[in-house]
Amino acid sequence: MDLEVKGIAASPTSQTQPFTGRNKLLQQGQTSRSWAIQNPSLPVVPRLDLGSLVDSDEEDDFSYTPLSTAHIHFNPPNSSSALSWVTPCQISHTQHHLNELEQDIIPENLPAPTSKYKLKYQQYKTEMKEGYKQYSQTNAEKTKSKITQQFEEAIVDGLTTLDRKALLQQGYADIPYNAQRSMRKSDAEIVAAERKKQTVAEQVMVDHLSRAVISDPEQNLTTERQESARIFPDSKIAPLRCRKRTLHETKIRTHSTLTENMLSHKVQFDGRIISRNGHDACRELVGFFFAHDQSLTIYEYRQFGKNRTNVLPFIQKNIYSHQCGRRKGKHYQLGDFYVGANLTFLSYDHPRLPESIKENTLLILRITNIDQMALDSLKTDSVEREDDTSSQETNDRRVLKAIQDALKEQLHKRGVRILTGLGKYLQQLDKEGTGLLDKADLKQTLQVFHLELSENDFESVWQSLNGNGSGKVDYGEFKRAIIGEMNEYRKSFVRKAFMKLDFNKTGCVPIIDIRKCYCAKKHPQVISGLSTEEEIKLSFLETLKDACSKLDEVSYGEFEDYYEGLSIGIVNDEDFVNIVRTPWGI
């Protein structure tokens with residue numbers, strides 16, 4: 001008996017070990033079937049019909065025919081055959097039909113959708129469109145009312161927490177003025193600025209000056225004659241570079257008839273681009289107006305690193321005219337050049353301009369500094385009569401000055417909040433992104449911010465800005481017209497501070513970089529111990545973030561708006577410069 005068992009164990013079935021589990025299932029299945037035959041009196045579990053589990057579709061008048069039905073037989077439980085209730089043939093049969101279901105999920109004999117479902121779909125589509133439209137209108141009204149409520153609160157009655165935090169920056173004006181240190185910095189800045197101007201002036205002369213040709217008479221000889229005459233060097237004859245050269249008739253022609261005497265009668269000025277794009281607003285531009293033909297040109301000074309510089313023409317030398325305002329179409333004259341004057345150009349007339357500037361039709365340049373001695377000298381030699389346009393412009397400036405003085409009383413201590421909020425509000429009204437708004441939008445803006453302006457004053461401002469009669473004006477110009485702006489001396493320090501922060505010249509500065517560069521150690525409250533350095537820094541960041549459209553960065557326009565509002569309450573220029581210079585270390 002032991003030998004037979006051992007013989008079975010040693011039989012070739014050991015070669016089919018991978019199929020041992022299957023063979024065991026087969027043996028168990030045969031055992032269970034024979035047991036069921038031998039015991040017919042025991043109850044048999046009925047077969048499970050999977051087709052009965054299908055959902056009823058009688059509500060939709062749709063008869064469903066199952067693709068297939070799998071029948072599974074259950075056997076009585078047996079401890080020795082726990083998995084014997086499914087046969088291998090049943091497994092393969094069920095798997096076969098599951099594969100068919102995966103291959104053909106959607107039957108081909110589905111009926112076409114009825115008119116009832118088409119009508120339901122159309123109603124659903126219409127309701128979705130109406131719902132989206134109402135949601136958009138409601139969302140826009142909520143946003144607008146939220147902005148209006150945000151800026152209307154406590155504008156007239158008292159100061160908000162934001163106003164008080166912004167006023168903390170005025171404490172830097174109380175710091176004792178270090179005249180010696182300021183003098184050293186100013187001298188170094190003046191020397192560097194003069195070097196830049198000299199470099200640009202030399203490049204202009206190189207580009208436009210025609211010089212008399214001074215060379216050797218032998219240059220007129222033909223090439224064949226020079227090659228045939230083999231002249232060997234003689235020690236007694238001086239080299240060609242040391243011989244005396246004289247003027248002679250030459251075939252070389254110059255492209256211009258300008259001379260150094262003509263180009264010397266010029267006015268040199270510094271300029272900047274009026275733009276909310278920080279990269280463009282901080283460009284260093286140097287312009288020249290030539291009296292001999294009333295032409296002008298503008299060059300850009302660019303510095304790469306510490307040693308490499310480049311001077312390129314920004315506006316080509318030509319005779320240009322005003323492109324907007326009461327002088328539209330008239331050529332530029334000496335009287336048009338003064339600190340604070342605007343020069344307007346059509347951007348599409350200058351293909352070499354950067355793409356960011358060519359996005360706007362009009363290019364506006366502001367004169368920030370000018371050679372006053374040269375200007376006075378040229379005005380003495382020339383005679384320009386004052387026309388009716390000049391008197392009208394003088395009257396416009398007088399009206400705007402009166403409006404600005406009246407509104408400054410309302411903005412004296414709320415300038416930061418109003419100016420920064422005004423910029424954000426006008427941008428949100430400008431849905432097309434053109435920078436232009438109509439009369440109704442501008443009137444609404446004045447009402448939201450409680451800026452009281454009479455109807456006559458508003459019409460005067462509108463007429464002075466809407467010279468072309470297009471029905472829309474630049475809201476940046478409108479804001480500057482009714483509120484005014486810092487003088488160019490103050491703005492120069494604001495640009496210096498931003499250029500120090502924006503070392504990559506992208507036009508935007510991350511908040512984290514501003515936090516790192518802002519220093520509040522010299523604030524009077526920090527020195528006296530009333531506040532910590534972190535508290536003063538947080539108060540500045542909170543008021544600055546309120547002006548930003550993005551949470552993580554500040555653009556140049558938003559940075560300028562902040563200091564524009566701070567400048568309203570400061571009379572002395574040196575006090576304002578101290579407020580900007582001290583925390584930024586410029």
Side-chain angles (χ1 to χ4, degrees), residues 136-163 165-166 274-278 281 360 400 403-404 406-453 455 457-458 461-462 465-466 471-486 508 542-569:
S136 301
Q137 293 177 353
T138 306
N139 193 24
E141 291 176 358
K142 285 183 179 179
T143 304
K144 192 173 182 179
S145 61
K146 183 178 180 181
I147 297 171
T148 303
Q149 183 180 3
Q150 176 184 357
F151 295 116
E152 279 184 343
E153 62 179 4
I155 288 181
V156 180
D157 297 335
L159 299 178
T160 63
T161 304
L162 186 67
D163 293 325
K165 290 182 178 180
I274 296 182
S275 172
R276 293 186 69 85
N277 186 321
N360 299 322
L400 293 180
I403 295 173
Q404 293 168 9
L407 290 180
K408 277 184 179 179
E409 296 296 328
Q410 306 177 34
L411 305 175
H412 182 66
K413 292 185 178 181
R414 306 176 183 88
V416 172
R417 178 163 53 88
I418 298 298
L419 264 294
T420 55
L422 198 64
K424 291 173 62 176
Y425 188 79
L426 291 171
Q427 284 184 356
Q428 292 179 2
L429 291 180
D430 181 23
K431 298 179 181 179
E432 298 178 358
T434 59
L436 304 176
L437 291 176
D438 57 17
K439 185 183 292 187
D441 289 335
L442 296 178
K443 283 187 176 181
Q444 177 184 347
T445 303
L446 295 178
Q447 293 176 359
V448 169
F449 289 88
H450 293 271
L451 299 176
E452 299 177 1
L453 198 64
E455 188 66 25
D457 290 341
F458 182 85
V461 175
W462 179 261
L465 298 178
N466 191 29
K472 290 187 176 183
V473 300
D474 187 330
Y475 55 81
E477 289 292 328
F478 178 79
K479 185 177 70 171
R480 288 188 288 269
I482 63 173
I483 297 178
E485 55 183 329
M486 294 183 287
C508 294
E542 289 177 6
T543 53
L544 184 63
K545 285 180 180 178
D546 188 72
C548 303
S549 56
K550 297 182 180 180
L551 297 176
D552 56 344
E553 65 180 14
V554 181
S555 66
Y556 172 76
E558 295 163 347
F559 190 81
E560 187 182 47
D561 285 345
Y562 176 87
Y563 280 102
E564 191 81 62
L566 199 62
S567 174
I568 293 177

**Student:** Looking only at heavy atoms, which two atoms of Leu422 and Thr445 are closest? And how far apart?
**Tutor:** CD1-CG2, 3.4 Å

**Student:** Is there a side-chain contact between Leu411 and Leu451 in this structure, where contact means two heavy atoms from C-beta onward sitting under 4.5 Å apart?
**Tutor:** yes

**Student:** Is Lys479 salt-bridged to Asp561, cutoff N-O under 4.0 Å?
**Tutor:**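 A salt bridge is present here (some side-chain N lies under 4.0 Å from a carboxylate O).
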
**Student:** Would you check if Leu436 and Asp474 make a side-chain contact, meaning some heavy-atom pair closer than 4.5 Å?
**Tutor:**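 Contact flag for Leu436/Asp474 side chains = yes.
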
**Student:** Taking the side chain as every heavy atom from C-beta outward, state whether Tyr425 and Gln444 have any pair of such atoms under 4.5 Å apart.
**Tutor:** yes

**Student:** Tell me if the NZ atom of Lys550 is crowded by more than 12 foreign heavy atoms within 6.0 Å.
**Tutor:** no

**Student:** Just do the side-chain contact (heavy atoms from CB on, under 4.5 Å) check on Leu446 and Phe458 with the steps written out, would you?
**Tutor:** CA-CA 10 Å; Leu446 295 178; Phe458 182 85; 3.8 Å; yes

**Student:** Step by step, would you call Thr543 with Thr420 a side-chain contact (heavy atoms from CB on, under 4.5 Å)?
**Tutor:** CA-CA 9 Å; Thr543 53; Thr420 55; over 6 Å; no

**Student:** Does a side-chain heavy-atom distance below 4.5 Å link Lys413 with Asp163?
**Tutor:**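 Not touching, per the 4.5 Å side-chain cut-off.
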
**Student:** Find the distance between CD (Gln427) and CZ (Arg276) and round it off to the nearest 0.5 Å.
**Tutor:**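 That separation rounds to 5.0 Å.
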
**Student:** Kindly indicate whether the side chain of Ile568, heavy atoms from C-beta on, has any atom under 4.5 Å from the side chain of Leu419.
**Tutor:** yes

**Student:** For a quick test of reading the model, state the closest non-hydrogen atom pair linking Glu485 to Glu564 and the distance between them.
**Tutor:** CA-OE2, 2.9 Å

**Student:** Would you say that Lys443 contacts Glu455 through its side chain, given a criterion of any heavy-atom pair below 4.5 Å between the two side chains?
**Tutor:**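 Lys443 reaches Glu455 side chain to side chain.
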
**Student:** Please tell me if the side chains of Leu442 and Trp462 come closer than 4.5 Å, counting only heavy atoms from C-beta onward.
**Tutor:** yes

**Student:** Can we say Arg480 and Glu477 salt-bridge, meaning some charged N sits less than 4.0 Å from an Asp/Glu carboxylate O?
**Tutor:**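 Looking at Arg480 and Glu477, the cut-off is met.
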
**Student:** Kindly give the heavy-atom pair with the smallest separation between Ser275 and Ala281, and that separation in Å.
**Tutor:**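 For Ser275 and Ala281, the tightest heavy-atom pair comes out as O-CB, 3.6 Å.
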
